[in-house]
There are 2 protein chains.
Amino acid sequence: MQIELKPFQALTLWKEIAISEVRDDAHDLTMRQLAVLLTVYLEPPPHTIRGMAAKLKVTKPVITRALDTMGGYGLVDRHRDEKDKRNVLVKRTVKGALYVEKLGDLVIAKARGLPL
Amino acid sequence: MQIELKPFQALTLWKEIAISEVRDDAHDLTMRQLAVLLTVYLEPPPHTIRGMAAKLKVTKPVITRALDTMGGYGLVDRHRDEKDKRNVLVKRTVKGALYVEKLGDLVIAKARGLPL
DNA sequence: CGAGATCATTTCGGTTCCGTATCATTTTAT
DNA sequence: ATAAAATGATACGGAACCGAAATGATCTCG
């Protein structure tokens, strides 16, 4: 992963990834859902609804709905926090891990293909 | 260690950008809209509805609606092709160019901030 | 000239998402 | 014990989007 990107190259990378995501659109995630998904898989737990809402500067229902949708896809899971039963902890799934891993491969492949 | 770090960095970059976009959500573009926008601004014209639909492998109404929304934001413009009045040519705007430029700066800034 | 092809848009019914406000449950503090 | 606070989910009306199909305008070509 070269870090010395010029503006046009950086945008081309972003464009190629966006187009790839749109094309073989397995799940049609929105930007918000993607931000939630990557937060869950890249940052250390625990992940609560309130915490993620604060991190993304969105309201709690946005996170709840994103988890509803992605939970339906099997990309994330939810469990009550036994220590504090008001909290809900977002958990990773095998399917979600595979999806994220594939996305990482895509970013790398596209970055490698850039004329640097 | 280094081998596993590369995908993680790539995903972290993608995550940081997604979160930034969600946070200061000037326009709340979807992935499809973003793909359309970047295609218009990074690839040489002309850009027709049919051409972009084919490129993104989506139906034409998807492109039409994306242009409706982004046109409302002032990010793109449309004109009839005078050579073939069936066609509509997508045009760039000053506002859209600024938005794309800012996005490029964001990608670069986030890439630069990655721990190599 | 006229039939068919091409292109973008609109329409349709249905789904999803939005933000605000409210609700139910659980914890904390008095 | 009980009131207040905290947390996530849900209700609601409105907006945006979906794919498929229909529409209107324009072009092509026999």
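Letters go in sequence order (proteins before strands), and every chain restarts at 1. Computed from heavy atoms alone, side chains included, the values below leave out hydrogens, waters and symmetry copies.
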Which nucleotide in the set D:dT28, C:dT27, C:dA8 lies at the smallest distance from any side-chain heavy atom of A:Asp84? C:dT27

Just by distance, do the side chain of B:Arg80 and the backbone of B:Arg86 share a donor-acceptor pair under 3.5 Å? yes

Just to be sure I understand the rule, does A:Thr69 reach a base, reach only the sugar-phosphate, or reach nothing, if contact means heavy atoms closer than 4.0 Å? sugar-phosphate

Is the shortest side-chain heavy-atom distance between A:Arg78 and A:Asp68 below 4.5 Å? yes

Within residues 35-45 of chain A, which residues have any heavy atom lying less than 4.0 Å from an atom of DNA chain C? none

Indicate yes or no: at least one non-hydrogen side-chain atom of A:Asp84 is less than 4.5 angstrom from one of A:Asn87. yes

Between CE of A:Met70 and C1' of C:dC17 the distance, given in whole Å, is 14 Å

Would you state whether a donor and an acceptor, one from the side chain of A:Arg65 and one from the base of C:dG19, lie under 3.5 Å apart? yes

Verify the contact: side-chain N or O of B:Arg80 to OP1 or OP2 of D:dT26, cut-off strictly under 4.0 Å; return yes or no. no

So, are B:Asp81 and B:Lys83 salt-bridged, with charged N and O less than 4.0 Å apart? no

When the distance from CZ of B:Arg32 to P of C:dT16 is rounded to whole Å, what number comes out? 14 Å

Expressed in angstrom and rounded to an integer, what is the separation of B:Met31 atom CE from D:dC18 atom C1'? 17 Å

So if I take residues 46-64 of chain A and measure heavy-atom distances to DNA chain D, which residues fall below 4.0 Å? A:Thr48, A:Ile49, A:Arg50, A:Lys60, A:Pro61, A:Thr64

d(CG, A:Asp81; P, D:dG8) in whole Å: 9 Å

Quick one: does A:Leu29's side chain get under 4.5 Å of B:Met31's, heavy atoms only? no

Does some side-chain heavy atom of B:Lys110 sit less than 4.5 Å from a side-chain heavy atom of B:Ser20? yes

Spacing between A:Lys83 atom NZ and D:dA6 atom P, to the nearest angstrom: 22 Å

What's B:Gln33 touching, base or sugar-phosphate or nothing? Going by heavy atoms closer than 4.0 Å. sugar-phosphate

Is a side-chain donor or acceptor of B:Thr93 paired with a backbone partner of B:Asp77 at a separation under 3.5 angstrom? no

Taking only the side-chain nitrogens and oxygens of A:Asn87, find out if one of them lies under 4.0 Å from OP1 or OP2 of C:dT26. no

Could you pull out all donor-acceptor pairs under 3.5 Å where a side-chain atom in residues 43-61 of chain A meets a protein atom, sequence neighbours excluded?
{"residue": "A:Glu43", "atom": "OE1", "partner": "A:Lys55", "partner atom": "NZ", "Å": "3.4"}
{"residue": "A:Glu43", "atom": "OE2", "partner": "A:Lys55", "partner atom": "NZ", "Å": "3.3"}
{"residue": "A:Glu43", "atom": "OE2", "partner": "B:Lys15", "partner atom": "NZ", "Å": "2.5"}
{"residue": "A:His47", "atom": "NE2", "partner": "A:Val40", "partner atom": "O", "Å": "3.4"}
{"residue": "A:His47", "atom": "NE2", "partner": "A:Glu43", "partner atom": "O", "Å": "2.9"}
{"residue": "A:Thr48", "atom": "OG1", "partner": "A:Gly51", "partner atom": "N", "Å": "2.9"}

For A:Leu29 and C:dT16, what is the distance between atoms CG and C1' respectively, to the nearest whole Å? 13 Å

Any A:Arg86 side-chain N or O less than 4.0 Å from OP1/OP2 of D:dA9: no

Contact between A:Leu103 and A:Glu21 at the side-chain level, heavy atoms closer than 4.5 Å - yes or no? yes

